[in-house]
Each structure stands twice: as C-alpha cells, then as structure tokens.
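Below, chains carry the letters A, B, ... as their sequence lines are ordered, and counting in each starts from 1.
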There are 2 protein chains.
Amino acid sequence: MNATIPDPTTLTPSARRILETASTLFYEGGITAVGVDVIAERSGVTKRTLYNRFGSKDTLVATYLLEREMRWRHLVETAVAAPELTAIQRVTAPFDALGEWVQQSPRGCAFINALAELPDPEHPAHQVAAEEKRWLCNLFERLATDAHIADPADLAKRLVCLHEGALAMRAALPEIDSVTIANQTACDLVDAATSGHQTRGEPL
Amino acid sequence: MNATIPDPTTLTPSARRILETASTLFYEGGITAVGVDVIAERSGVTKRTLYNRFGSKDTLVATYLLEREMRWRHLVETAVAAPELTAIQRVTAPFDALGEWVQQSPRGCAFINALAELPDPEHPAHQVAAEEKRWLCNLFERLATDAHIADPADLAKRLVCLHEGALAMRAALPEIDSVTIANQTACDLVDAATSGHQTRGEPL
DNA sequence: CGTTGCATTCACAGGTCTGTATACCTTACG
DNA sequence: CGTAAGGTATACAGACCTGTGAATGCAACG
C-alpha cells in the first residue's frame, strides 16, 4: 500500500508523465477531488503502471509536493544568489522569485492547500509541506543575519507571514496585486529593521 | 440538487445539529474528505432529514462557511468597537480578535481551506469565502481612513496579507507564534504609516 | 538467445460517495 | 379531532474511489 517516495529526478519516462499530469491536476483541481483513474488516463498510462511506479496515491501526492518544493527552492536560490544584489536586497529577493512563481500558480500555495486537504500529520505530504515553510523561514533568517540585521529571527518570521499571506490572498482575491504589496511591505520592514532602533507598537 | 442557502439563524433543531456537526467535521477533516453519511450519523439524524433541510452537500458547505463568517464578523466587530481604543489602535484590533479566534482554529483559515478544495468559482462556497476576504480588506481600509492614515487602501492590503499569512502559518508551523508576530508587525506598519512620510523600499 | 525491466490490457474486489424512494411515527396546533 | 410539519427507518440507485490479479508485449543488454 504505502511506499517510499521515489527520487523525482530519476524516473522512468512513464513515471515522469504520470507525475507531471498529477501535478497539474492536483494543483488545479485539488488532491482529494482528483482520482488515480483520471491521472492514469490523462498520462496515457494504465493504472497498473501508476501503481507499479508509485505504490499508492499518497506516495504520488508526496512526490508531487516534493518535486514542487525542489523547483521552488531552485527558483528562490538563484534569485537570492543574483550577483548584482546587496546583502540587504538579498533579504527580500524571495519576494521577487514569488512574483515569477505566481504567474503559473493562480491557485495559491500548493503546500498550504495540501495541508488544508490532508489534516493527518502522519501523511507523508504533510511533512513535506511543513518542511518547505521551515526552510523558507530559515532562509530568511540566514539572509537577515548576513545583512547584519538586529533581530534576524524576528524579521524572518514577519517576512514568512507576509509571504504566505500574499500567496493566500492571490487565490482568494486575485484582483489585489498581493505579491507586489507584500514585496513593498517586506522592503519597508527590512528598511525599518536596519535604520537604527525600530519602534515596535504594543500588541495592545 | 442545488438549493438556496438557508438562514443559519432560523433552523429547525435537527438542522442546527446537522450544521454544527458539519462545521466541526468540515473544518477538522476537510470538506471533500467528509461525507454526508458520517455527518448524518454523528448528528443523530438520517440522511433524509439532512437532504430535506439542506438539499445538497454543496449547500450545506456554503451554509457552514456562511455561519462561520457571521461568527467571525461579530467577533471582529466587537473587538474593533471596544470603547477604550483610540482610532489608531482600532486599525490593528482585528489582529487581537484573531488571537482569540485561533485558539479554536488550529487548522488555519476555513475560507482559504475551502478555496483550496473547491476550485470551481461557481461553487456557492467559493463566493462566500471571497466575500469574507473582501469584507476584511474593506474594514481595514475604513479603519485606516478613520484614523487619518495617508494611504488607507495601501495599508489595508498590507494588513490583509499579514492577517492571512498569520492564519496560514499557524496551520503549517504551529510552533511559530505567527499571530503575535503579525500583530506586532501590523502595529509597526500603522506606526510607520502615521509618523510622517514613509520610506518605501524599491521592490527591486 | 535469454533475461530483465517496463509497460500494457482487462477484469475485479470492496468500499464510499451523493442523492432518492417509500412508508411510518410523533408532536403541536387550530 | 384532524392536519401538517418535522423527523425516523430502511433500502436502494448509480457512480466513483483505491487498490489488486493475471497474463502478455516488447525492447535493451548481457
């Protein structure tokens, strides 16, 4: 029934097609709502092949999220490493990557969506999703540290919240250009964190 | 099949029980994953009664979101109207309401989750969810206007992003106290928007 | 040539899903 | 008393779901 997640970079040709079809359908239609029959049919593959390659739907879901995370990480890492950027600009570079990313992602964050559909913390996909958020938060903290910002952990958490909010709002109210808004806000937060001591309002 | 959404405040006793059971199960287990059979059984009601009262699962889902929105709105509106608050403090008051709200909502935002599961924009629940976000954004803008903030529309969008991000992060990484972080950040944003001209970083 | 791995075809098991049909019971109220 | 509304009980239709079984084709590689 269950199986270990295969390495998305070394897949047989059929498995590749299956994964690509599943990625599209899961993201656009929702994980629970999309059945393996449709995935197999749209991949030009039989269900048997699907199960031979992935072992279970849950594993296919986890593989889908895993590969998506790899693509996202790669995009962010190249954006952050752009040579023309200052250390300060690098801190908000993930928001630039997000701007590209959402062009092909009108339905919000695939990881948040997966968490919404799969409440069971034991589900393999659940941990992939949580891991992605943890990675992003740690990345922000590292970038803030490199930019010699006073409280990098605090800034990182703020930026992660902004980041997720922008993605979520894009699915809910596409007419608001939430990514640009979040990007500007992130720059302001970095500004505030660098220019001397920061006025911090009481949370009442 | 489909039916009009009933008024959640005037329900027969059975319908009340059905809606309450459905609310819990939908939120905790996901909408698609929870079937009407288990809802009926856990409500101590037959499926026939459920269909007599709500007509379809889709309508039941929409009613669930509608009532949840009413409760949330009420909580926010009382928080915003607290007499001891200044106009400036009112702007971030929804974040205080959010602090209470998430005590009973460890699985993130029900509306975002619903959008994740029901991509069809024609689905009645879809519009209830989008409406909630629009309402919150407009509320922020109104509060910012009342507090004589320079660009209320801009600030409102920033605060909505923060708000949604805090909710989403709570589901993904509960160990981060995202609501408190977002509340503090919101206060800082309001501070920055009130104290003279605001340095706005280039989004690169 | 023979093996090995990949994929195919087709059928099926065992559930669960939404939604409906029929017939009966109970309670409130005019 | 009589009626109507709300609810009960049970069974069913028809579709879809995940996952399995058994037999076969085919191409590459030793």
Rounding to a whole Å, what distance do you find between [X]:[atom1] and [N]:[atom2]?
X	N	atom1	atom2	value
B:D37	D:dC12	CG	P	15 Å
B:N52	D:dT10	CG	P	17 Å
B:R53	D:dA5	CZ	P	11 Å
B:I39	C:dT18	CD1	P	7 Å
A:F54	D:dG19	CZ	C1'	16 Å
B:I18	C:dT18	CD1	C1'	15 Å
A:K47	D:dA22	NZ	P	16 Å
B:F26	C:dC17	CZ	P	11 Å

* Considering only heavy atoms and no angle criterion, is a donor-acceptor pair shorter than 3.5 Å present between the side chain of B:K57 and the base of C:dG19? -> no
* Structure fact -> Which of C:dT8, D:dT18, C:dT18 is nearest the side chain of B:Y51? It is C:dT18
* Take atom CD of B:Q104 as the centre, draw a 6.0 Å sphere, and report whether it contains more than 12 heavy atoms from other residues, nucleotides or ligands. => no
* Going by the side chain to side chain contact (heavy atoms under 4.5 Å, CB included) test, name the single residue among B:T24, B:I18, B:V45 that passes it with B:I39. => B:I18
* Structure fact -> side chain to side chain contact (heavy atoms under 4.5 Å, CB included) test vs B:L167 passes for just one of B:R170, B:M169, B:H163, namely B:H163
* To do: Give A:T46 one of three labels, base, sugar-phosphate or nothing, depending on what nucleic acid heavy atoms sit under 4.0 Å from its own.
  => base
* May I ask you to say what A:S14 touches in the nucleic acid, namely base, sugar-phosphate or nothing, with a heavy-atom cut-off under 4.0 Å? => sugar-phosphate
* Asked: If you measure only the distance, is there a donor-acceptor pair under 3.5 Å linking the side chains of B:S105 and B:R68?
  -> yes
* Asked: Would you say A:R48 reaches D:dG19's phosphate, i.e. side-chain N/O to OP1/OP2 under 4.0 Å?
  -> no
* Check whether any side-chain N or O of A:T12 sits under 4.0 Å from OP1 or OP2 of C:dC6, and answer yes or no. => no
* Could you check B:P13 against A:T32 and say which one's nearest nucleotide on DNA chain D is further toward the 5' end? => B:P13
* Working to the nearest 0.5 Å, report the span between CG of A:L173 and CD of B:E132. => 9.5 Å
